[in-house]
There are 2 protein chains.
Amino acid sequence: MKIEEAIQQKVFKDIYNKAVVNLLYTNSYIVSKQSSLFKPFGLSPEQYNVLRILKGQNGNPITVSSIQERMLNKMSNASRLVEKLKQKGMVVREECPTDRRQVDVKITEDGLKVLEELQEKIHILNRELISLDQSEIELLNNLLDKLRV
Amino acid sequence: MKIEEAIQQKVFKDIYNKAVVNLLYTNSYIVSKQSSLFKPFGLSPEQYNVLRILKGQNGNPITVSSIQERMLNKMSNASRLVEKLKQKGMVVREECPTDRRQVDVKITEDGLKVLEELQEKIHILNRELISLDQSEIELLNNLLDKLRV
DNA sequence: ATGTATTTAATGTATATACACTTAAATACA
DNA sequence: TGTATTTAAGTGTATATACATTAAATACAT
């Protein structure tokens with residue numbers, strides 16, 4: 001759907017402005033569908049993102065600040081997100097033995113189980129979200145990578 | 001910058017997943033730079049978005065629900081955003097004469113002045129944010145429009 | 001004309017984000 | 001060694017978002 005229809009705006013100042021608006025609107029489109037998927041599992045998109053980072057560690061612990069660096073939204077509060085996930089039993093947190101300022105975080109079996117249950121649903125959702133063919137997706141990924149300085 | 005570097009993730013499940021992550025990350029990149037620009041003016045990106053919609057009315061009032069429909073984030077709470085802008089004197093709100101359930105919202109002179117002060121800065125920021133040439137931007141806009149069902 | 005359904009905006013509540021600040025620990029270095 | 005600086009995580013606070021609910025006005029079927 002053309003962005004002009006989606007937000008009922010006929011003209012844009014220029015194509016730079018239109019691209020920014022288009023990117024922001026597309027984000028909102030993705031996040032709202034992802035939220036609906038995650039909701040029955042008691043997860044927000046950013047909480048899911050933290051879980052996914054932890055799973056990528058293959059059992060190794062990772063510190064809160066490393067989680068923060070890998071997050072999609074660099075401004076989100078990894079400390080509080082980890083706390084929420086801990087309350088749900090999806091992660092454990094323990095003092096790092098080599099540096100007592102740091103906290104090692106690991107995903108639990110329960111956390112892994114939730115990710116497993118979500119896996120196929122996310123796979124399907126991703127395909128629905130990005131209705132482009134393979135070569136178009138590659139083009140999109142390249143444009144996004146180039147766009148950011 | 002390649003998304004793999006940006007979030008320190010070497011591999012993605014597939015290109016659909018990579019595209020979703022790339023879009024979410026790009027959004028965060030844009031929003032954080034926009035926030036910094038708006039902050040000295042006491043505006044959040046979504047408040048700015050409401051002001052911009054009101055300006056597009058060229059002096060005609062618009063109801064809260066129409067603002068909501070035109071917002072980039074359809075889930076945001078136009079009612080509360082209008083209230084915030086009213087507190088700052090950037091909009092006025094009055095009962096709609098033909099339907100007393102509705103509320104007519106208009107931008108004030110002060111609101112217009114703030115937009116005017118922001119205009120050139122936003123123009124420059126948009127160019128910085130989207131570091132692509134004309135034909136690439138058109139391609140990006142087309143891909144985003146097609147991507148959303 | 002009356003009762004029911006729908007629409008509109010506002011509000012309550014839980015959660016998330018942005019960002020400054022605090023605390024504790026580790027490190028640098030005079 | 002002792003003091004200063006830096007780093008890591010957590011916390012306080014204001015604001016924003018998501019979503020359900022409420023209250024009032026209007027539409028509409030019977």
Side-chain angles (χ1 to χ4, degrees), chain A residues 24-25 27-51 61-88 91-105, chain B residues 24-25 27-51 61-88 91-105:
Chain A
L24 297 183
Y25 179 73
N27 179 75
S28 162
Y29 156 86
I30 292 172
V31 170
S32 71
K33 299 214 179 189
Q34 282 190 335
S35 297
S36 305
L37 177 58
F38 295 146
K39 190 161 191 192
F41 297 85
L43 291 175
S44 71
E46 286 301 287
Q47 285 174 13
Y48 167 75
N49 190 24
V50 172
L51 274 192
I62 181 174
T63 64
V64 173
S65 59
S66 298
I67 294 171
Q68 188 94 51
E69 281 169 17
R70 290 166 200 216
M71 290 191 69
L72 296 175
N73 184 343
K74 302 297 186 205
M75 284 302 118
S76 57
N77 196 322
S79 183
R80 282 193 177 110
L81 288 168
V82 166
E83 173 59 23
K84 291 280 170 187
L85 291 170
K86 190 191 160 203
Q87 282 169 21
K88 296 179 228 229
V91 308
V92 287
R93 200 169 45 184
E94 55 193 37
E95 195 177 78
C96 175
T98 62
D99 184 340
R100 281 170 42 216
R101 286 172 306 183
Q102 299 186 345
V103 172
D104 278 344
V105 183
Chain B
L24 298 183
Y25 179 74
N27 179 75
S28 162
Y29 156 85
I30 292 173
V31 170
S32 71
K33 300 215 176 184
Q34 283 190 335
S35 297
S36 305
L37 176 58
F38 295 144
K39 191 163 192 192
F41 297 84
L43 291 175
S44 70
E46 285 301 287
Q47 286 174 13
Y48 167 75
N49 189 24
V50 172
L51 274 192
I62 181 174
T63 65
V64 173
S65 59
S66 298
I67 295 172
Q68 188 94 50
E69 282 169 15
R70 290 166 200 215
M71 291 190 70
L72 297 174
N73 184 344
K74 302 297 185 204
M75 284 302 118
S76 55
N77 196 321
S79 183
R80 281 192 176 109
L81 289 167
V82 166
E83 173 60 23
K84 292 279 170 188
L85 291 170
K86 191 191 160 203
Q87 282 169 20
K88 296 179 229 228
V91 308
V92 286
R93 200 170 43 184
E94 55 193 38
E95 195 177 79
C96 175
T98 62
D99 184 340
R100 283 170 43 216
R101 286 171 305 184
Q102 300 188 347
V103 173
D104 277 344
V105 183

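Chain A is the first sequence line, chain B the second, and so forth, proteins listed ahead of strands; every chain is numbered from 1.
When distances run from any side-chain atom of B:K39 to the nucleotides C:dC19, C:dA25, D:dT26, the shortest one goes to C:dC19. When distances are taken from the side chain of B:S65 to each of D:dA8, C:dT8, D:dA25, the shortest belongs to C:dT8.
Among the atoms of the strands shown, none is found under 4.0 Å from any heavy atom of A:S32. Here B:T63 lies in heavy-atom contact (under 4.0 Å) with sugar-phosphate atoms only.
Taking CZ of A:F38 as the reference point, atom CG of A:N49 lies at 8.5 Å (rounded to 0.5 Å). Here the CD1 atom belonging to A:I62 is positioned 12.0 Å from the SG atom belonging to A:C96, to the nearest 0.5 angstrom. In this structure, B:N27 CG and A:I30 CD1 are separated by 9.0 Å, a value rounded to the nearest 0.5 Å. One finds the CD atom of A:Q34 at 9.5 Å from the CD atom of A:E46 (value rounded to the nearest 0.5 Å). Interatomic distance, A:Q47 CD to A:S44 OG, rounded to the nearest 0.5 Å: 3.5 Å. Note that CG of B:L43 is 6.5 Å distant from CG of B:L85, once rounded to the nearest 0.5 Å.
With no hydrogens or angles considered, a side-chain donor-acceptor pair links B:S66 and B:T63 at under 3.5 Å.
The distance from atom CD of B:Q102 to atom P of C:dA10 is 11 Å, rounded to the nearest whole Å. If you take NZ of A:K33 and P of D:dC19, they are 14 Å apart, rounded to a whole angstrom.
Residue A:R101 places none of its side-chain N or O atoms closer than 4.0 Å to OP1 or OP2 of D:dA9. Taking 4.0 angstrom as the limit, B:S79 places a side-chain polar atom (N or O) nearer than this to OP1 or OP2 of C:dA10.
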With the criterion being N/O to N/O and under 3.5 Å, what pairs connect the protein with nucleotides 15-17 of chain C, and how long is each?
unit_1, atom_1, unit_2, atom_2, d
C:dA16, OP1, A:S44, OG, 3.3
C:dA16, OP1, A:Q47, NE2, 2.5
C:dA16, OP2, A:Q47, NE2, 3.3

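Using a distance-only test at 3.5 Å, with no hydrogens or angles considered, a donor-acceptor pair links the side chain of B:S36 to the main chain of B:S32.
For DNA chain C, if you chain together Watson-Crick or G-U pairs that step i with j, i+1 with j-1 and so on, the runs of at least three with distances under 3.5 Å are C:1-30 with D:1-30.
The shortest side-chain heavy-atom distance between B:E83 and B:R93 falls under the 4.5 Å cut-off.
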